[in-house]
Each structure stands twice: as C-alpha cells, then as structure tokens.
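I have placed the structure first, in the form of structure tokens, so that the comments after it can refer back to it.
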Amino acid sequence: MSSVKQAPKPPLIASPLLAGVLYSIIWLAVGALLLSLLLHFTEMKESSLPSHAFLIHAVASLTGGFAAGKRSESKGWYNGSLLGLLYGIIIMIVSFLASNASISIHSLLLLGVALLAGAFGGMIGVNMRK
C-alpha cells in the first residue's frame with residue numbers, strides 16, 4: 001500500500017457562478033413543478049401564484065448562492081449577490097421573451113429578492129466550506 005495521499009478531485013464545474021446558476025435553474029424547475037402540482041391537485045387559487053413565485057425565486061437564488069459560496073474560496077456574499085443579480089436578470093429576460101413583460105416594480109422587486117437571497121446563500125455557503 002502506498003502512503004501517498006490522493007488529491008481531492010476538483011468539482012465538475014469549476015466556476016462558482018456557473019455552478020450557482022445551474023443549481024438555481026434546477027431548483028426553479030423543481031419549485032415550478034411543485035407549484036403546478038399544488039395548483040392542480042389542491043384548492044389553491046391562481047391569485048396566490050405571484051407570492052408563491054417570489055418564494056420559489058428566493059429559494060432558487062438562495063440555493064444557487066449557497067453553491068456559489070461553497071465553491072468560492074472567499075467573498076461568499078460577493079459571489080452570492082453576483083449570482084442573485086445574474087439569476088434575476090436571466091428571469092427578467094426569459095419573462096420578457098416569453099410573455100413580452102416589461103420592467104415593472106415587480107421585476108425590480110424580484111431582482112432585489114434574488115440579490116439578497118443569493119448574497120445570504122453565498123455567506124452561508126462560504127462558511128460551510130471551512
């Protein structure tokens with residue numbers, strides 16, 4: 001047996017920002033699927049969808065920020081808030097292309113929620129690494 005220690009394998013996606021965006025999109029898809037199943041199988045009304053959508057976007061941004069912070073060496077809040085900003089911009093672009101939605105107070109609120117949740121997730125993620 002060899003006494004040489006094996007170096008840890010680098011992650012498949014080395015960029016913290018790219019990994020965070022991927023995790024955010026996965027959590028967004030899971031949340032949207034869960035929300036649509038709740039809407040179909042329960043007595044949930046469509047009028048409550050916007051508040052639930054904000055919650056799903058916050059959770060998706062939080063988990064993406066966590067993944068970005070965990071992969072970064074330092075500045076988890078910076079990587080997480082950058083992820084939240086990028087996530088919010090991606091969501092705004094997709095909503096504009098899909099339904100011709102313009103920039104409104106709701107889209108700016110979404111951008112703020114994504115930025116704050118991503119920064120918080122990044123702070124948690126960078127501290128979980130140690």
**Q.** Closest contact, heavy atoms only, Ser24 versus Ala60
**A.** OG-O, 3.0 Å
Q | Close side-chain approach of Asn79 to Leu17, heavy-atom, < 4.5 Å | A | no
Q: Enter the distance from His52:NE2 to Leu39:CG here, rounded to the nearest 0.5 Å.
A: 10.0 Å
Q: Begin from the C-alpha positions of His57 and Val113 and carry the test side chain to side chain contact (heavy atoms under 4.5 Å, CB included) through to its verdict.
A: CA-CA 8 Å; His57 286 302; Val113 165; 5.6 Å; no
Q.
Is it true that, when you exclude Leu108 itself, more than 12 heavy atoms of the residues, nucleotides or ligands shown sit nearer than 6.0 Å to its CG?
A. yes
Q | Minimum-distance pair of heavy atoms, taken over all atoms of Ser61 and Ala114 | A | OG-O, 2.6 Å
Q) Do Ser36 side-chain atoms and Leu33 backbone N/O form a donor-acceptor pair below 3.5 Å? A) yes
Q.
Are the side chains of Tyr23 and Lys70 in contact, using a 4.5 Å heavy-atom criterion?
A. no
Q. Would you find a donor on one side and an acceptor on the other, under 3.5 Å apart, between the side chain of Ser81 and the backbone of Leu115?
A. no
Q. For Ile93, which of Ile90, Leu97, Ile91 qualifies under side-chain contact (heavy atoms from CB on, under 4.5 Å)?
A. Leu97
Q) Does Tyr87 share a hydrophobic cluster with Leu22, counting links as ILVMFWY side-chain heavy atoms below 4.5 Å and allowing steps through other members? A) no
Q: Say whether Leu18 and Ile89 are linked into one hydrophobic cluster, either directly or through other cluster members, by side-chain heavy-atom distances under 4.5 angstrom.
A: no
Q) At what distance, to the nearest 0.5 angstrom, does OG of Ser15 lie from CZ of Arg71? A) 9.0 Å
**Q.** Exceeds 12 heavy-atom contacts within 6.0 angstrom, atom CZ of Phe66
**A.** yes
Q: Spell out, yes or no, whether Leu62 and Trp27 are grouped together once hydrophobic residues are joined by side-chain heavy atoms under 4.5 Å, including indirect joins.
A: no
Q) Taking the side chain as C-beta and beyond, is there a heavy-atom pair between Leu86 and Leu82 under 4.5 Å? A) no
Q. Looking at CD1 of Ile105 and CG of Leu110, how far apart are the two atoms once the value is rounded to the nearest 0.5 Å?
A. 12.0 Å
Q.
Looking at Tyr78, I'd like to know if its OH atom is crowded, meaning that more than 12 non-hydrogen atoms belonging to other residues, nucleotides or ligands lie closer than 6.0 Å.
A. no
Q: Using modelled atom types only, decide if a donor and an acceptor are shared between the side chain of Ser107 and the backbone of Ile103 within a distance under 3.5 Å.
A: no
Q. Can you hop from Leu28 to Leu109 via hydrophobic side chains spaced under 4.5 Å?
A. yes
Q. Of the non-hydrogen atoms in Gly69 and Ser72, which two are nearest, and what is the gap between them?
A. O-OG, 3.0 Å
Q: Spell out, as yes or no, whether a donor-acceptor pair under 3.5 Å connects the side chain of Thr63 to the backbone of Val59.
A: yes
Q: Please answer: with hydrophobic residues joined when any side-chain heavy atoms are less than 4.5 Å apart, are Val30 and Leu49 in the same cluster?
A: no
**Q.** Distance, nearest 0.5 Å, that separates CD of Glu46 from CE of Met44
**A.** 10.0 Å
